[in-house]
Protein chains: 2
Amino acid sequence: MLNQQLDRVYAALADGSRRTMVDRLTRGPATVKQLAEPLTMSLPAVLQHLRVLEESGLVRSEKVGRVRTCRLEPAALQQAEQWIADRRAGWVHRLDRLEEFLNENEGESS
Amino acid sequence: MLNQQLDRVYAALADGSRRTMVDRLTRGPATVKQLAEPLTMSLPAVLQHLRVLEESGLVRSEKVGRVRTCRLEPAALQQAEQWIADRRAGWVHRLDRLEEFLNENEGESS
DNA sequence: CTGTTGGTTAAGCACCTACTTAACTATTCG
DNA sequence: CGAATAGTTAAGTAGGTGCTTAACCAACAG
């Protein structure tokens, strides 16, 4: 459940165009046109990226009149950050263990 | 350059099996066999996941005798964490501005 | 030397992804 | 109204991903 959501968030971030879109949205809401502007691809392609971002939960959008306005959903971003932070924390804790010292110095005599 | 590396790190993390492998490696180095143990797939499949992890820079491995030992490369993990942290920081800054706006216009209508 | 363990390579297959173009809808402007 | 704007849908295509099985090699263990 949560695992699949993490899959989608990381998969969404694994594309430069989508990261550009996310980056733009950190500076405030934007229309589809505005999100497309810095990208060198057709509008339908942008729509498909947007769909990936929405399905990952990173972005939410709402249509008013003929304009769709997109905004960031920081909870999903935080979830992805947290997973990494937790693992890095575990790794740091391991650094304190004697076992590593022993492994690194195994058979070192001269 | 760096962008492609980020692509690869996020793509590597976008798979539950690979995250399981990374998680295992936060508890110390492991052989291919050990990484494969909790996963319900063939050894060649695990090798392919390992290759993705190595190409992303998240994992480094070394073969001694017939045993390949893998360990985490936390720099890549930190890079991925940092990208998100930077964007979240930008978003938080924007929130402050919104809050400011709301405060300035407090009680202005009913 | 022989068998077992740990890993590796190759080939094949079922999806999935990131685009494209063409055609279309719905809103707003003059 | 009619044209321009903003977005959407559909269909096709090239290439990538995540597995599988079969066959294989290299390093120990007995």
Side-chain angles (χ1 to χ4, degrees), chain A residues 3-25 28-71 80 103 106-107, chain B residues 3-25 28-71 76 80:
Chain A
N3 254 352
Q4 283 203 353
Q5 201 62 16
L6 256 194
D7 280 12
R8 281 184 211 140
V9 172
Y10 284 129
L13 293 176
D15 180 286
S17 302
R18 285 193 292 262
R19 285 199 304 278
T20 298
M21 293 168 76
V22 167
D23 192 45
R24 168 63 186 82
L25 290 174
T31 68
V32 173
K33 204 77 190 299
Q34 289 171 331
L35 287 181
E37 188 242 293
L39 304 175
T40 62
M41 65 179 67
S42 66
L43 215 70
V46 174
L47 262 283
Q48 285 174 53
H49 282 305
L50 179 57
R51 199 170 175 225
V52 171
L53 287 169
E54 293 205 74
E55 282 176 355
S56 77
L58 280 167
V59 170
R60 157 176 58 101
S61 79
E62 190 188 3
K63 198 170 179 178
V64 175
R66 64 183 167 179
V67 175
R68 177 172 297 278
T69 301
C70 311
R71 63 193 68 228
N103 285 340
E106 192 170 23
Chain B
N3 254 351
Q4 283 203 355
Q5 200 61 16
L6 257 193
D7 280 12
R8 281 185 211 138
V9 172
Y10 285 129
L13 293 176
D15 181 287
S17 302
R18 285 194 293 261
R19 285 198 304 277
T20 298
M21 292 167 77
V22 167
D23 192 45
R24 168 61 186 82
L25 290 175
T31 68
V32 173
K33 203 80 191 299
Q34 289 171 330
L35 287 180
E37 188 243 292
L39 304 175
T40 61
M41 66 180 68
S42 67
L43 216 70
V46 174
L47 263 284
Q48 286 174 57
H49 282 306
L50 179 58
R51 197 169 176 228
V52 171
L53 287 168
E54 293 205 74
E55 282 175 356
S56 78
L58 280 167
V59 169
R60 155 177 60 100
S61 79
E62 191 189 2
K63 198 169 178 178
V64 175
R66 63 183 166 177
V67 175
R68 177 172 297 277
T69 302
C70 311
R71 61 192 70 225

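Sequence lines set the chain letters: A, B, ... in the order given, protein chains first and strands last, and positions in each chain run from 1.
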- Message: Is it the case that over 12 heavy atoms from other parts of the model lie below 6.0 angstrom from the CD atom of B:Glu37?
- Response: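 12 or below, so no.
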Could you pull out all donor-acceptor pairs under 3.5 Å where a side-chain atom in residues 42-50 of chain A meets a protein atom, sequence neighbours excluded?
unit_1  : atom_1 : unit_2  : atom_2 : d
A:Ser42 : OG     : A:Ala45 : N      : 3.4
A:His49 : ND1    : A:Arg18 : NH1    : 3.1

Rounded to whole angstroms, how far apart are [atom1] on [X] and [atom2] on [N]?
| X | N | atom1 | atom2 | answer |
| --- | --- | --- | --- | --- |
| A:Glu62 | D:dA6 | CD | C1' | 16 Å |
| B:Glu55 | D:dT17 | CD | C1' | 13 Å |
| A:Leu50 | D:dT9 | CG | P | 11 Å |
| A:Lys33 | D:dA4 | NZ | C1' | 11 Å |
| A:Leu43 | D:dT5 | CG | C1' | 11 Å |
| A:Asp7 | D:dT17 | CG | C1' | 13 Å |
| B:Leu47 | D:dG18 | CG | P | 15 Å |
| A:Gln48 | D:dT9 | CD | P | 11 Å |

- Boundaries of the chain A footprint along DNA chain C (any atom under 4.0 Å from a heavy atom):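 Contact boundaries, 5' end first: C:dA18 to C:dT28.
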- Any B:Arg18 side-chain nitrogen or oxygen under 4.0 Å from OP1 or OP2 of D:dG18: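 Yes, within the criterion.
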- Message: For a quick test of reading the model: is some side-chain N or O of B:His49 closer than 4.0 Å to OP1 or OP2 of D:dC19?
- Response: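 It does, given that an N or O in the side chain of B:His49 lies less than 4.0 Å from OP1 or OP2 of D:dC19.
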- Item | Contact nearer the 5' end of DNA chain C, comparing A:Val64 with A:Thr40 |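 It is A:Thr40 whose nearest nucleotide is closer to the 5' end.
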- Message: Both A:Arg66 and A:Ala45 contact DNA chain C. Which one's nearest nucleotide lies toward the 5' end?
- Response: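 Taking each residue's closest nucleotide, the earlier one in sequence belongs to A:Ala45.
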Distance from [X] atom [atom1] to [Y] atom [atom2], nearest 0.5 Å?
| X | Y | atom1 | atom2 | answer |
| --- | --- | --- | --- | --- |
| A:Cys70 | A:Arg60 | SG | CZ | 10.5 Å |
| B:Gln34 | B:Thr69 | CD | OG1 | 8.0 Å |
| B:Leu53 | B:Asp15 | CG | CG | 8.5 Å |
| B:Leu13 | A:Leu6 | CG | CG | 9.0 Å |

- Item | Closest heavy-atom pair and its distance - B:Arg71, B:Pro29 |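 Taking B:Arg71 first and B:Pro29 second, the nearest heavy atoms are NH1-CG, 3.7 Å.
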- A:Val67 side chain, from C-beta outward: closest of D:dA10, D:dA6, D:dA22: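 Looking only at side-chain atoms, A:Val67 lies closest to D:dA6.
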